[in-house]
Amino acid sequence: MKKNTKRIIFHIDVNSAFLSWEAVYRLQQGETLDLRTIPSVVGGDPKSRRGIVLAKSIPAKHYKIQTGETLYAALEKCPHLKIVSPSYGLYVRCSNAMVEILKEYSPIVQRFSADECFLDYTGMEPHFGEPEAAARRIKNHIYRELGFTVNIGISTNKLLAKMASDFKKPDQVHTLFPWEIPKKMWPLPVEELFMVGRATVPKLHKMRIFTIGDLANYDPVHIRHRLKSHGIMIWQYANGIEDSAVRGGNAIEMKGIGNSTTIAFDVEDRKTAHKILLSLTETVAMRLRDAGYCCRLVAISIKNSDFYTYSHQRKLLAATDATGRIYQTVREIFDEVWQGEKIRHLGVRVSDFCSNEFFQHSLFDEADLEKTRALDQTIDRIRLKYGTKSVMRASFLYSDIKPLSGGVGQDDFPPMSSIL
DNA sequence: TCTGGGGTCCTAGGACCC
DNA sequence: TCTGGGGTCCTAGGACCC
């Protein structure tokens, strides 16, 4: 990034993403009712103990229904609430389609999550006009082609653009240029600032900081003393200071890959736990290979029936992308920490990556290594082509446990590079 | 059947080495 | 016998985001 260049950054945020996408899909399928116009939520299945609100419509919001709360609580607030199940594969397609449209307006588009993108509009005025006009054009383009609405925030950096897209919704374009900060951002409650979360709010309140403006005008030395580096960061954010680049293309390398699952019943025996860990490891290892990495660190996490979560990890002597090798470690470290209590949720995660290229032509003397790699790769290809159930381990044959688990749920085969 | 799943970054303590 | 300190790696846990 050149200095002294005024950047123009857009932040694009899909309004009630999962719910909008469900609504559009159902309308396309011939339904006449638009979920966005009634109190409705996308929610998990309480029978499998995933019964929380994932997304809500604006009418549902008027009943004070909040993302993350239980469907049980949501139904108490609104007994006639319409609840629909998530379809993650659909969301991946909607998200990808939006990114494709955005790329027509700038080569530099950064996917920030399934429903949020940054777009660097710097230097694009000759093509699409003034920033606000261009943003409206993009917003309308997405609505016309894909059927859902977005908010677009405009500023000179990512932080301010993101704060701007959070102003009045839906289907709006807002600016938050540096000179607008005192008027548009400082009056907001401090908890609305990006990176000020549940744990930080009470600490700030204790310091008599209630608005973003209070934070911006507080002595940064004091902030640092109490909140360390995180304090300095949010103080800078409150003052609109942030200069990270919009990282387009494949500039974002992954630091870790993990999958976890809440089990429909409490697991009480080691054998069942191992089976679930294996199904998670299958998914994680496949994604690892798809990304072209080997990992050096393997971790598991356990949430027990008291909702207490703990984890254990182990550094490997040699990097690997083999399902078998990772699973062996997973099983060992699980056995090391599990105390025999009831388990609600299990997770497997790998990190500390290096490229797997070296291994393609390796001189490794371990006889089975090449064969193992070939087998893993073959299975990956078959599953990609014929679905996840085309190849499964015999141990899953007569069990209720899915041979692959994690994240994307029932959808047969999600795009591997997806961020969902 | 009341509480999801995917990430990143930071801190702090202990081990170990010089 | 007494007394160090800095640097790095590893691990666990917490905070934050969507």
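The sequence lines fix the lettering, A, B, ..., with proteins before strands; numbering per chain opens at 1. Treat the numbers as computed from the prediction; the structure is a model and nothing was measured.
Of all nucleotides listed (dA12(B), dT11(C), dG13(C)), dT11(C) comes nearest to the side chain of Leu297(A). The listed nucleotides are dT11(B), dG5(B), dG13(C); the one nearest the side chain of Ser311(A) is dG13(C). The nucleotide whose nearest atom lies closest to any side-chain atom of Thr262(A) is, among dT8(B), dG6(B), dG5(B), dG5(B). Nearest to the side-chain atoms of Phe194(A) among the listed nucleotides dG5(B), dC16(C), dC18(C) stands dC18(C). When distances run from any side-chain atom of Lys315(A) to the nucleotides dC18(C), dG6(B), dC10(C), the shortest one goes to dC10(C). Side-chain proximity of Leu54(A) to the nucleotides dG4(B), dG6(B), dA12(C) is greatest for dG4(B). Nearest nucleotide to the Lys303(A) side chain, out of dG13(C), dC9(B), dG4(B): dG4(B). Taking every side-chain heavy atom of Ala199(A) into account, dA15(C) is the closest of dT11(C), dA15(C), dC9(B). Distance from the side chain of Arg349(A) is smallest to dT8(B) among dT8(B), dA12(C), dC16(C).
Both distances falling under 3.5 Å, in either a Watson-Crick or a G-U wobble arrangement, place dG6(C) opposite dC17(B).
Between the side chain of Asp13(A) and the main chain of Asp166(A), no donor-acceptor pair closer than 3.5 Å is present.
Rounded to whole angstrom, the span from the CZ atom of Phe18(A) across to the C1' atom of dG5(B) amounts to 10 Å. For Ile234(A) and dC16(C), the CD1 to C1' distance is 11 Å, given to the nearest whole Å. Atom pair Ile232(A):CD1 and dC10(B):C1' shows a separation of 15 Å (rounding to whole Å applied). In this structure, Met98(A) atom CE and dC18(C) atom C1' are separated by 13 Å, rounded to whole Å. Rounded to whole Å, the distance from CE on Met163(A) to P on dC18(C) is 10 Å. Look at CD1 on Ile276(A): it is 15 Å from P on dG4(B), rounded to the nearest Å. To the nearest angstrom, P of dC9(B) lies 13 Å from CG of Asp352(A). Taking atom CZ of Arg314(A) as the reference point, atom P of dA12(C) lies 10 Å away to the nearest angstrom.
Taking for each of Gly256(A) and Ala264(A) the nucleotide of DNA chain B with the nearest heavy atom, the 5'-most of the two is the partner of Ala264(A). Taking the nucleotide of DNA chain B with the nearest heavy atom to each of Asp45(A) and His230(A), the more 5' of the two is matched to Asp45(A).
For dG4(B), the OP1/OP2 oxygens have no side-chain nitrogen or oxygen of His345(A) closer than 4.0 Å. The shortest distance between the side-chain N/O atoms of Arg49(A) and the OP1/OP2 oxygens of dT3(B) is not below 4.0 Å. For the pair Asn259(A) and dG6(B), the criterion of a side-chain N or O lying under 4.0 Å from OP1 or OP2 is met. Here Ser260(A) reaches the OP1 or OP2 of dG6(B): one of its side-chain N or O atoms lies under 4.0 Å away. For the OP1/OP2 pair of dA12(B) and a distance below 4.0 Å, the side-chain nitrogens and oxygens of Lys228(A) include at least one atom meeting the criterion. Within the structure, every side-chain polar atom (N or O) of Thr200(A) is placed at least 4.0 Å from both OP1 and OP2 of dA15(C).
Heavy atoms of Gly51(A) sit under 4.0 angstrom from primed sugar atoms or phosphate atoms, though from no base atom. Counting any heavy atom pair closer than 4.0 Å across all strands shown, Glu116(A) reaches sugar-phosphate atoms only and no base atom. In this structure, Arg344(A) reaches the sugar-phosphate backbone alone: every heavy-atom distance under 4.0 Å involves primed, P, OP1 or OP2 atoms, never a base. Note on Lys162(A): only backbone sugar-phosphate atoms sit closer than 4.0 angstrom, heavy atoms only; bases stay farther off. Within the nucleic acid shown, Ser48(A) has no heavy atom closer than 4.0 Å to any nucleic acid atom. Nucleic acid contact class of Thr309(A) (heavy atoms, under 4.0 Å, all strands): none. Lys47(A) comes within 4.0 angstrom of a base, heavy atoms only.
With a glycosidic angle no more than 90° from 0, dT1(B) adopts the syn conformation.
Aromatic ring pairs are classed by plane angle as parallel below 30°, tilted from 30° to 60° and perpendicular above 60°; the pair His205(A) and Phe210(A) is tilted. Taking the six-membered ring where the residue is Trp, Phe334(A) and Trp338(A) present parallel rings, their angle staying beneath 30° rather than reaching 60°.
Ionic pairing of Lys162(A) and Glu242(A) is not present here: no N-O contact between side-chain nitrogen and carboxylate oxygen is shorter than 4.0 angstrom.
Two rings, from Tyr91(A) and Phe18(A), have their centers less than 6.0 Å apart.
Side-chain atoms of Arg111(A) and Ser95(A) include a donor-acceptor pair closer than 3.5 Å. Defined by atom type and a distance below 3.5 Å, a donor-acceptor pair is present between the side-chain atoms of Thr67(A) and Lys56(A). The closest side-chain donor-acceptor pair between Lys303(A) and Thr262(A), if any, does not fall under 3.5 angstrom.
Stacking between Phe307(A) and dT3(B) is present: the aromatic ring centre lies within less than 5.5 angstrom of the base six-membered ring centre, and the two planes differ by under 30 degrees.
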